[in-house]
Amino acid sequence: MRDVLISRLIVERYFEKLRNSLELDVAIVGAGPSGLTAAYELAKNGFKVAVFEERNTPGGGIWGGGMMFNEIVLEKELENFLKEVEIEYEVKEDHIVVDSVHFASGLLYRATKAGAIVFNNVSVEDVAVQNGRVCGVVVNWGPTVRLGLHVDPITVKASFVVDGTGHPANVVSLLAKRGLVEMKTEFPMDADEAEKFVVDNTGEIFPGLLVSGMAVCAVHGGPRMGPIFGGMILSGQKVARIVSERLR
Ligand code: 48F
């Protein structure tokens, strides 16, 4: 019966992938633009990296563009990056405009092709902390967490963890509610300020835990922004650079 062969192929490959990912250089939480960019850069440089995404569809806020008009805008300085990852774009009025479906799928393709493993439907519900340092992520099925089922999670070891969970900064908030870090709140919309703020404040917030993308604004009290994504890419690149230097 071929159905059983199909099941076996899936189960064997998935569990091999999972077993090989139980000890990572970097665990990235959230497959939004900053997390995927960081995953791409780190995997490209030979680090063992996995992205944990609680939803079925990795890509975070990219797909919907602005108010579901599925186009996004980036700063012109991102042209070289888009060329490198072979994403098609148009330059208009000194900005880059990209089809958001093309952008999300292109980024995902590049990150996974470089060797990053994306575990979708897997939620990070806690972090592991030992000797005052974050040393892994505590994971469970996304639907299990959403339904509040009483099922214990499993732990994945990582030399560094990146909170790329966007506006709620879900990983940092786990430490904030225990009083281990201080967390501010996101400020009202200001795209001019926000892009720079995100990049400037991307970095380590607690030993072993770094923050990238919109989570930076929630953690450090920066303004929100609309469907302009240059800051997300630059933040993902910066977090990858910091982690790479520390791992070397
Ligand atoms: O929000 P998101 O796209 O993160 P980002 O990289 O980019 C922000 C922009 O999309 C946009 C913006 C900038 O222009 O304002 O919002 O900062 O993606 C975050 C991803 O993290 C997942 C969530 O489902 C989303 O796909 N996520 C959130 N919490 C968890 C998680 C969790 N606890 N475990 C796993 N994934």
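Position 1 is the first residue of the sequence; numbering continues from there. Start at 1 and go down the list; that is how both ligands and their atoms are numbered.
- Between the side chains of Y109 and E86, not a single donor N or O lies within less than 3.5 Å of an accepting N or O.
- Salt bridge present: K44 and E84 bring a charged side-chain N and a carboxylate O closer than 4.0 Å.
- At under 3.5 Å, not a single nitrogen or oxygen of M232, backbone or side chain, sits near a nitrogen or oxygen of ligand 1.
- Residue V124 holds the heavy atom nearest to atom 34 (N) of ligand 1 of all those in V171, V124, I228.
- Atoms of ligand 1 found under 4.0 Å from any heavy atom of G61 (numbered from 1 in listed order, with element): 2 (P), 3 (O), 10 (O).
- Here E204 pairs with R246 in a salt bridge; the nearest charged N to carboxylate O distance falls below 4.0 Å.
- Interface of V29 with ligand 1, defined as ligand atoms under 4.0 Å from a residue heavy atom, comprises 32 (C), 34 (N), 35 (C).
- With a 4.0 Å cut-off on non-hydrogen atoms, T165 touches ligand 1 through its backbone as well as its side chain.
- Interface atoms of ligand 1 facing M225, defined by a heavy-atom separation under 4.0 Å, are 13 (C), 14 (O), 15 (O).
- Ligand 1 is never approached by T37 to a heavy-atom distance shorter than 4.0 Å.
- Closest heavy-atom approach to atom 18 (O) of ligand 1 among the candidates G226, G59, P58, G32: G32.
- Both tests do not hold together for R19 against Y14: distance to the six-membered ring centre under 6.0 Å, angle to the ring axis within 45°.
- Of the listed residues (G166, S173, G30), the one carrying the non-hydrogen atom nearest atom 1 (O) of ligand 1 is G166.
- Heavy-atom proximity to V122, at under 4.0 Å, picks out these atoms of ligand 1: 35 (C).
- Put simply, the residue from V162, V181, L180, V161 that forms a side chain to side chain contact (heavy atoms under 4.5 Å, CB included) with L209 is V161.
- Side-chain atoms of E53 and N120 include no donor-acceptor pair closer than 3.5 Å.
- Of all atoms in ligand 1, listed by their number and element, those nearer than 4.0 Å to a heavy atom of R55 are 24 (O).
- Nearest-heavy-atom check against atom 6 (O) of ligand 1 across G213, S34, G66 picks out S34.
- Given atom 16 (O) of ligand 1, the protein heavy atom at minimum distance is H167 NE2, 3.0 Å.
- For P227, no nitrogen or oxygen atom sits less than 3.5 Å from a nitrogen or oxygen atom of ligand 1, counting backbone and side chain alike.
- The ligand atoms of ligand 1 that sit less than 4.0 angstrom from a heavy atom of G60 are 3 (O), 18 (O), 25 (C), 26 (O).
- Close approach of ligand 1 to N170 is summarised as follows: ligand atoms under 4.0 Å from at least one heavy atom of the residue are 28 (C), 29 (N), 30 (C).
- Donor-acceptor pairing under 3.5 Å is recorded for the side chains of E186 and H167.
- Of all atoms in ligand 1, numbered sequentially from 1 with element shown, those under 4.0 Å from a heavy atom of P33 are 3 (O), 5 (P), 6 (O), 7 (O), 10 (O).
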| message | Run the salt bridge (Lys or Arg N to Asp or Glu O under 4.0 Å) test on R178 and D126 for me, step by step, so that the C-alpha distance in whole Å, both residues' side-chain angles and the decisive distance to 0.1 Å come before the verdict. | response | CA-CA 12 Å; R178 275 94 168 227; D126 211 343; 2.8 Å; yes
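- Residue S212 places no N or O, backbone or side chain, under 3.5 Å from any N or O of ligand 1.
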